[in-house]
Protein chains: 2
Amino acid sequence: MATPSAGRSRVNRGSEHVRERLIEAAIGEFAAHGFEGSSGRRIATTAEAHQSQINYHFSSKDDLWKASVERLLAELDAQLVDPLAEVDGADARATFAATVRGLVEFAARRPELNRIMMHEGAAPGDRLAWFVDTHTRTRHEALVALWDVLVASGDAAAVDRDAVYHSLIGAASLFYANAPEAELLGIEPTRQAMIDRHAASVVAMFLNPR
Amino acid sequence: MATPSAGRSRVNRGSEHVRERLIEAAIGEFAAHGFEGSSGRRIATTAEAHQSQINYHFSSKDDLWKASVERLLAELDAQLVDPLAEVDGADARATFAATVRGLVEFAARRPELNRIMMHEGAAPGDRLAWFVDTHTRTRHEALVALWDVLVASGDAAAVDRDAVYHSLIGAASLFYANAPEAELLGIEPTRQAMIDRHAASVVAMFLNPR
DNA sequence: GTCTATAATTAGATAGAC
DNA sequence: GTCTATCTAATTATAGAC
């Protein structure tokens, strides 16, 4: 039985088109069920492709996962206003606030990245090691460096530098990563007014009032 | 081939003993891989039991999951100092700080509950609906009520009441739920000194300085 | 590049011997 | 209550026709 929608079979739509659809479907599947709980057949069905096309366009489920994560990170970087930029004391406060707002906006619009990494961060493994080595470490160091500047200028709240990264990501993104739970509580996390209030809240949690 | 450790076969150890071992093994498996990524056979092997014993002692994988979550919640409640107690303005600040410290200590000692719920909260489903209906709603309402008291007394930081629950859980627990990631960054989240500093940080994020 | 067919493995659940 | 065996269904990956 064919995997794609029944009726007439798929015609060649071009490699790039199929890759795109597979990545988009994979992002949703991996975010909802985690890597191990995800099924290549479900991903292919969502993408209106065949299960074996995953192994053709990507060499394995693992590679599809990496391609999905890198797609999401590219979108995040497009959202953030140069978070790795060197800043002096005068700019640090505004840079931090803008970064936090960017993180919150992105988490609300694209909760899949935080969902995927909350799944992966729960246990050691090759995917987590790859992600930390190629993506997290640089971002972590940049944030801690910025935090040290804010501590020196007296702008930082009393948050430990070793814990600031995870505290910030957690405060900024769990609301959206676990939006299905919030919705069952009668809250709508992704309304723009709610996003704005939440972003302001997170900034207030980490920066001392001027 | 037998599932338990090879060699001599298991002898009757008593129903309660087997249930205990299965729950403990299930907690670790569900936390690491999520419900859908978890295997009953792996759980049984860890518990030195047979896969079919899961269906005997619990009627399904789903019921084993619920038993595991309720075990963890019982441990959490033993840790928290009556978080649902009514408090007047004078006590609210101390109650909140004690609750936060309890949440942080528990997340550090037993990251499995937060891991399991971060997996489940990523997508709608029967397990999430059950959890919210039977456990989350009451706790959420109690926290928001306490928060309203703190807002009225001027002790609360500028954090929105609709977002305070997830912001707090995120800030307090992601550090431990994703401890494998933190460890790859060279941080040891579960050292007692680190836990204490993190707990103090979270309190400082949510309460205005006195 | 797409699609079918299939290999090899594993999943959860159940029936029945002991 | 334990354990073996088995059923049905689903998994990823691969080989080969088109």
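Computed from a predicted structure; not experimentally measured.
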Practice problem: Test A/R21 against A/E16 for salt bridge (Lys or Arg N to Asp or Glu O under 4.0 Å), laying out the working first. | Solution: CA-CA 9 Å; A/R21 292 191 62 94; A/E16 217 40 55; over 6 Å; no

Quiz prompt | Steps toward side chain to side chain donor-acceptor pair (under 3.5 Å) verdict (A/H119, A/E36) | solution = CA-CA 10 Å; A/H119 290 309; A/E36 301 173 89; over 6 Å; no

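Between the P atom of C/dG1 and the CG atom of A/L22 lies a distance of 13 Å, rounded to the nearest Å. Computed from coordinates, the A/E36 CD to C/dA11 P distance equals 11 Å when rounded to whole Å. Distance B/H33 NE2 to D/dT11 C1': 16 Å, rounded to the nearest Å. The CD atom of B/E20 sits 17 Å away from the C1' atom of D/dG1 (whole-angstrom rounding). When the C1' atom of D/dC3 is taken as reference, atom CD of B/E48 falls 15 Å away, rounded to whole Å. Taking atom NE2 of residue B/H50 and atom C1' of nucleotide D/dT6, one finds them 16 Å apart after rounding to whole Å.
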Quiz item: Just by protein heavy atoms under 4.0 Å, how would nucleotides 12-18 of chain C read 5' to 3' in B, S and -?
Solution: BBB----

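Between B/E105 and B/R110, no side-chain nitrogen of the basic residue sits less than 4.0 Å from a carboxylate oxygen of the acidic one, so the salt-bridge criterion is not met. A salt bridge does not link B/D126 to B/K66: none of the charged side-chain nitrogens sits closer than 4.0 Å to a carboxylate oxygen. A salt bridge does not link A/D196 with A/R191: none of the charged nitrogens is closer than 4.0 Å to a carboxylate oxygen.
Of the N and O atoms on the side chains of A/T95 and A/D91, not one donor lies less than 3.5 Å from an acceptor on the other residue.
The shortest side-chain heavy-atom distance between B/N114 and B/Y176 does not fall under the 4.5 Å cut-off.
Distances shown here put every side-chain N or O of B/H17 at or beyond 4.0 Å from the OP1 or OP2 atom of D/dG1.
Annotation: A/F96 is in aromatic contact with A/W147 [ring centroid separation under 6.0 Å]. B/H33 has its ring centre no less than 6.0 Å from the ring centre of A/F35.
Closest contact between the side chain of A/S15 and the listed nucleotides C/dC3, C/dG1, D/dG1 involves C/dG1.
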Quiz item: For DNA chain C, what string of dots and brackets results from 5' to 3' when Watson-Crick and G-U pairs need both distances under 3.5 Å, crossing pairs get [ ], and pairs with another strand get |?
Solution: ||||||||||.|||||||

